[in-house]
2 protein chains.
Amino acid sequence: MGLSIGDVARTAHVTVRALHHYDAIGLLSPSERSAAGYRSYSPADIERLQQIVVYRSLGMSLQDITAILDDHTVEPLEHLRRQHALLVERSEHVHRMIAAIDKTMEAHRMGINLTPDEQSQVFGAFAPASYADEVEERWGETDAFAKSKAKTSSYTKADWAEAVAEQTAVGERFAALLRAGAAADSQDAMDAAEAHRRQITRWYYDCSYEIQTGLADMYLADPRFTENYENIEAGLAQYVHDAIHANAIARA
Amino acid sequence: MGLSIGDVARTAHVTVRALHHYDAIGLLSPSERSAAGYRSYSPADIERLQQIVVYRSLGMSLQDITAILDDHTVEPLEHLRRQHALLVERSEHVHRMIAAIDKTMEAHRMGINLTPDEQSQVFGAFAPASYADEVEERWGETDAFAKSKAKTSSYTKADWAEAVAEQTAVGERFAALLRAGAAADSQDAMDAAEAHRRQITRWYYDCSYEIQTGLADMYLADPRFTENYENIEAGLAQYVHDAIHANAIARA
DNA sequence: ACTTGACCCTGACGTTGCGTGAGGACCTAA
DNA sequence: TTAGGTCCTCACGCAACGTCAGGGTCAAGT
């Protein structure tokens, strides 16, 4: 027996009514019901709900969400990659909007009137950019998008094995350097950090230095991740963290 | 006679139907009608529409927008300031969402399960943060908000005169330095750039170095702003631009 | 065993912000 | 003068829930 609808609503910050609605339209039907007809949500249901919440926050319609979540050719991780990409796009969009406001205020400050053309541009920045627009902006026509989708969703078991192997290799590389006494800001350690970043970019998502240092911080802050490295070698979490930071600074 | 409804719709990237709707609910009623009953939008109408579009993109309801736009104790510039602040908040929100996805992906990568507590946090990042939440997050209770509103919306004519005077003074300061042959990356020029930034922060909105360099770029890119400086002294636009950039780099 | 309060269920109607025609006037250019 | 594009006013439709209404369920306390 999983969580009750109220518990789910609280942890996911959605209303009970919304969950009823998702059930009614077949977007998220809890995998179990109690004898009295109470909905019971399993961990898998919760995971699906997270995808729903994220896609919703990006402005996707419930119909479309149903469609892509029920598309079993799409791996769960692929959803996270897409969401990441869409969020980055969203972030850039917000920055364009801020720039547009800046421009308008500067014009006010200077007592300047914007030309219709400039005005249209300002308006354009605030045009309701749906997720669909953003997706197309990123991947061009549906054709290219389909291709990209085909590529990333077609990871075979061998691919996944290779990804895991690469990841393990990077961990080992750090550990070897640590054992050899190489400083965290040595060239070798920074190269390993770069490999870590490229590995994520290759198999998961475009990992900027900013994002990577965020991950490094998390490796120390969250005991779960810390343990993962400490199990390989004592002090490795801190070492990886320092190497990533050193590398990020050096490349900036 | 102003613009036709079709023209407005095109430049503002909204549908004709939306404009009809705004008229019907009294949010934006064009200031004139032709003999045949055609709507005619004045420049003031367009300006109001921009405010509407921006607030809408922030998720505000049409009712609320009507209320705050019809509140005549709020200066037009105050709307831009608010919108700027809300957008910055929105930007931070998006970054929190990206971080949440990063964390989820890292957990996947490492084969780790998130605790309910962590899950709740991830969900929290995607909770539909309405503009209202964001406003309260920034300004606390309605009381504090009312105060801030009272403060910023109560600029007197004398205040405005002072703001304009300060702005002119900053321009003159740059011009004097340019005439005196001080380099754009000299300490004096960078101090002037800092004064430029502080002036905007004081009278308009919190101007970060990133935003300021954006403005500097605009001074060169947009002939309107360029002219404004060139009228004071030849080469001043470029000079101001360089000083702002030098200062931003020095302070980073 | 019984009550009480918190929680759950299923309808069912209301709301917001428009989309989408229907049916008809208007207006410029050929 | 006729065709196209644009404009007008109803008026119904729709998504994603909010909001009662009327009624079971359940654990805790008495």
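Everything numeric here is computed off the predicted structure, so don't read it as measured data. We name chains A, B, ... by the order of the sequence lines, and we start the count at 1 in each one. Side-chain atoms are counted along with the backbone in the values below, which use heavy atoms only and exclude waters and symmetry mates.
A centroid separation of 6.0 Å or more is found between the aromatic rings of Phe126(A) and His13(B).
Between the P atom of dC7(D) and the CD atom of Glu32(B) lies a distance of 16 Å, rounded to the nearest Å.
Side-chain polar atoms of Glu32(A) and Tyr41(A) form no donor-acceptor pair below 3.5 angstrom.
We find that Glu78(A) and Arg81(A) are joined by a salt bridge, their nearest charged nitrogen and carboxylate oxygen being less than 4.0 Å apart. A salt bridge is absent between Arg82(A) and Glu89(A): the closest approach of a Lys/Arg side-chain nitrogen to an acidic carboxylate oxygen does not fall below 4.0 angstrom. With respect to the salt-bridge test (charged N to carboxylate O, under 4.0 angstrom), the residues Asp64(B) and Arg56(B) do not qualify. Taking the charged nitrogens against the carboxylate oxygens, Asp70(B) and Arg48(B) do have a contact shorter than 4.0 Å, which makes a salt bridge.
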A correct 5'-to-3' footprint of nucleotides 9-25 of chain D, with B, S and - meaning base, sugar-phosphate only and no protein heavy atom under 4.0 Å, is B-B----BBBB----BB

Kindly indicate, with the supporting measurements, whether the criterion salt bridge (Lys or Arg N to Asp or Glu O under 4.0 Å) is fulfilled by Asp23(A) and Arg33(A).
-> CA-CA 12 Å; Asp23(A) 191 1; Arg33(A) 290 272 190 148; 3.2 Å; yes

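Contact of the Gln167(B) side chain with the Ile200(B) side chain is not registered, since no non-hydrogen atoms from C-beta on lie closer than 4.5 Å.
Within the 4.0 Å cut-off from OP1 or OP2 of dC7(D), at least one side-chain nitrogen or oxygen of Ser4(B) is found.
Within a heavy-atom distance below 4.0 Å of DNA chain C, no residue of residues 43-53 of chain B is found.
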